[in-house]
Amino acid sequence: MAEGADGPAASELRRKPDSLNPEEVSSARVYDYLLGGKDNYETDRAMAGRMLSQVPEIKTLVWFTRGFLLKAVEMAADAGIRQFLDLGSGIPVSPSVHEAAREIQPSAQVVYVDYDPVVVTHCDALLAGPPGVTALLGDIRCPGEILDQLRERALIDFNEPVAVILSGVLHYVLDDERPADIVAAFRDQLAPGSYLAMSHGSSDSDPEILRVLTGTNNTPAQVKFRSTPETQAFMDGFELFEPGVVPVQQWLRPGLPTTRMVMLGAIGRKP
């Protein structure tokens with residue numbers, strides 16, 4: 001087990017998805033639907049429909065968040081990083097992390113990690129062929145188990161810089177599941193020059209929006225949005241790039257509209 005990375009309540013984790021249950025909402029499948037994908041059930045489409053009826057801009061925000069992820073990958077690849085670890089990757093969408101990274105670093109190694117076996121199966125099917133691209137079953141709430149798999153299978157060389165991506169995933173980790181410890185477990189294994197890119201739902205969003213989006217309580221899609229200072233605290237140990245911890249659209253280009261639902265984005269480098 002990786003030192004200091006045991007993870008919270010590893011033996012009795014709650015809120016795991018029943019991947020084959022079409023009656024249970026899946027955050028990965030809702031996200032897939034909002035991005036125009038086909039890998040979702042009626043329950044997921046119904047949840048997305050309720051969200052869109054009251055928060056119509058959420059589909060735009062999902063695309064802003066996807067754009068932020070790709071920008072983070074490009075920044076890391078431009079800096080010479082050739083290893084990428086996408087934690088809570090969800091169902092693959094093109095352009096994917098490995099496609100974006102290999103536009104700049106053709107030999108980039110990419111590991112996609114998700115706790116949903118169906119998501120990992122989708123990844124395996126869609127990613128079959130490209131060498132150096134791997135789908136791994138793992139729950140970020142058990143970082144030590146993921147780190148052990150990465151080492152045992154020689155998927156990541158932690159002596160070299162790595163770009164770790166936590167895109168829209170930490171707000172699914174509740175406070176009693178110790179999200180800061182999860183980030184620290186990965187940070188402590190990273191070589192200098194590594195990047196961390198994170199997007200996280202903000203508690204500074206419109207109160208009505210928060211009411212709608214917390215309608216997933218007691219499901220695997222339950223969320224815990226956090227303030228800007230709380231989100232920035234996850235970046236401890238990294239030097240933040242400008243513009244800092246801000247709505248994701250501010251990372252993309254000037255003039256993009258604000259949204260009542262705020263998704264914060266941050267990118268940092270380990271000194």
Are Phe158 and Leu166 connected into the same hydrophobic cluster when the rule is that any two of I, L, V, M, F, W, Y join if their side-chain heavy atoms are below 4.5 Å apart? yes

State which residues pass ring pair (Phe, Tyr, Trp, His ring centres under 6.0 Å) with Tyr195; sequence neighbours excluded, sorted by chain then number. Phe241

Kindly compute the distance separating CD1 (Ile146) from CD (Gln149), expressed to the nearest 0.5 Å. 7.5 Å

Once rounded to the nearest 0.5 Å, what's the spacing between atom NZ of Lys71 and atom CD of Glu74? 7.5 Å

Between the main-chain N or O of Ser96 and the side-chain N or O of Glu99, is there a donor-acceptor pair closer than 3.5 Å? yes

Quick one: does any side-chain atom of Asp114 pair with a main-chain N or O of Gly90 as donor and acceptor, under 3.5 Å? yes

Determine, step by step, whether Phe68 and Gln249 satisfy the side chain to side chain contact (heavy atoms under 4.5 Å, CB included) criterion, reporting the C-alpha distance in whole Å, the side-chain angles of both residues, the deciding distance to 0.1 Å, and the verdict. CA-CA 7 Å; Phe68 166 79; Gln249 52 265 55; over 6 Å; no

Kindly determine whether Ile182 and Arg141 satisfy side chain to side chain contact (heavy atoms under 4.5 Å, CB included), including the steps that lead there. CA-CA 6 Å; Ile182 292 169; Arg141 295 172 295 178; 4.2 Å; yes

Closest approach of Leu137 to Asp116 (non-hydrogen atoms, all atoms of both residues): CD1-C, 4.0 Å

With a 4.5 Å limit on heavy-atom distance, are the side chains of Tyr172 and Val223 in contact? yes

For the atom pair CG (Leu70) and CE (Met75), what is the distance rounded to the nearest 0.5 Å? 13.0 Å

Shortest non-hydrogen contact from Pro179 toward Asp175: CD-O, 3.8 Å

Cluster check Leu147, Val120: I/L/V/M/F/W/Y, side chain < 4.5 angstrom: no

Donor-acceptor check, side chain of Gln105 to backbone of Arg82, threshold 3.5 angstrom: yes or no? no

Determine all donor-acceptor pairs shorter than 3.5 Å in which one atom belongs to a side chain in residues 253-271; sequence neighbours excluded.
from, atom 1, to, atom 2, distance (Å)
Thr259, OG1, Met261, O, 2.5
Arg260, NE, Glu57, OE2, 3.0
Arg260, NH2, Gln54, O, 3.2
Arg260, NH2, Glu57, OE1, 3.3
Lys270, NZ, Arg187, O, 2.8
Lys270, NZ, Leu190, O, 2.7

Under a 3.5 Å distance rule, please check whether Gln83 uses its side chain to pair with a backbone N or O of Asp157 as donor and acceptor. yes

Can you name the nearest heavy-atom pair linking Ala180 to Phe234, along with the distance? N-CE2, 3.6 Å

Val246-Phe225 co-clustered via ILVMFWY side chain contacts under 4.5 Å: yes

Residue that, paired with Leu87, satisfies side-chain contact (heavy atoms from CB on, under 4.5 Å) out of Ile165, Leu136, Val113: Val113

In this structure, NE2 of His200 is separated from OG of Ser167 (nearest 0.5 Å) by 11.5 Å

Look only at the side chain of Thr134 and the backbone of Val111, and say whether a donor-acceptor pair between them is shorter than 3.5 Å. no

Looking just at side-chain N and O atoms, do His171 and Arg226 make a donor-acceptor pair shorter than 3.5 Å? no

Here the pair of heavy atoms bringing Val248 nearest to Ser199 is CG1-CB, 4.2 Å

Looking only at non-hydrogen atoms, find the nearest pair between Val133 and Tyr112 and report the distance. CG1-CE1, 3.7 Å

Side-chain heavy atoms nearer than 4.5 Å, only ILVMFWY residues, links allowed to pass through others: does that put Leu85 and Leu155 together? yes

Above 12 or not: heavy atoms from other molecules or residues under 6.0 Å from CD of Glu208? yes

How long is the straight-line distance from CD of Glu145 back to CG of Leu150, given to the nearest 0.5 Å? 12.0 Å

List the atom of Pro161, the atom of Ser194, and the distance in Å for their closest heavy-atom pair. CA-OG, 3.3 Å

What is the distance from atom CH2 of Trp63 to atom CG of Leu252, rounded to the nearest 0.5 Å? 13.0 Å

When you look at Arg66 and Val93, which way does the side chain to side chain contact (heavy atoms under 4.5 Å, CB included) test go after all the steps? CA-CA 9 Å; Arg66 189 71 189 174; Val93 175; 4.0 Å; yes

Going by side-chain contact (heavy atoms from CB on, under 4.5 Å), Val183 matches just one of Leu170, Ile140, Val173. Which one? Leu170

Report yes or no: do Arg151 and Gln189 form a side-chain donor-acceptor pair below 3.5 Å? yes

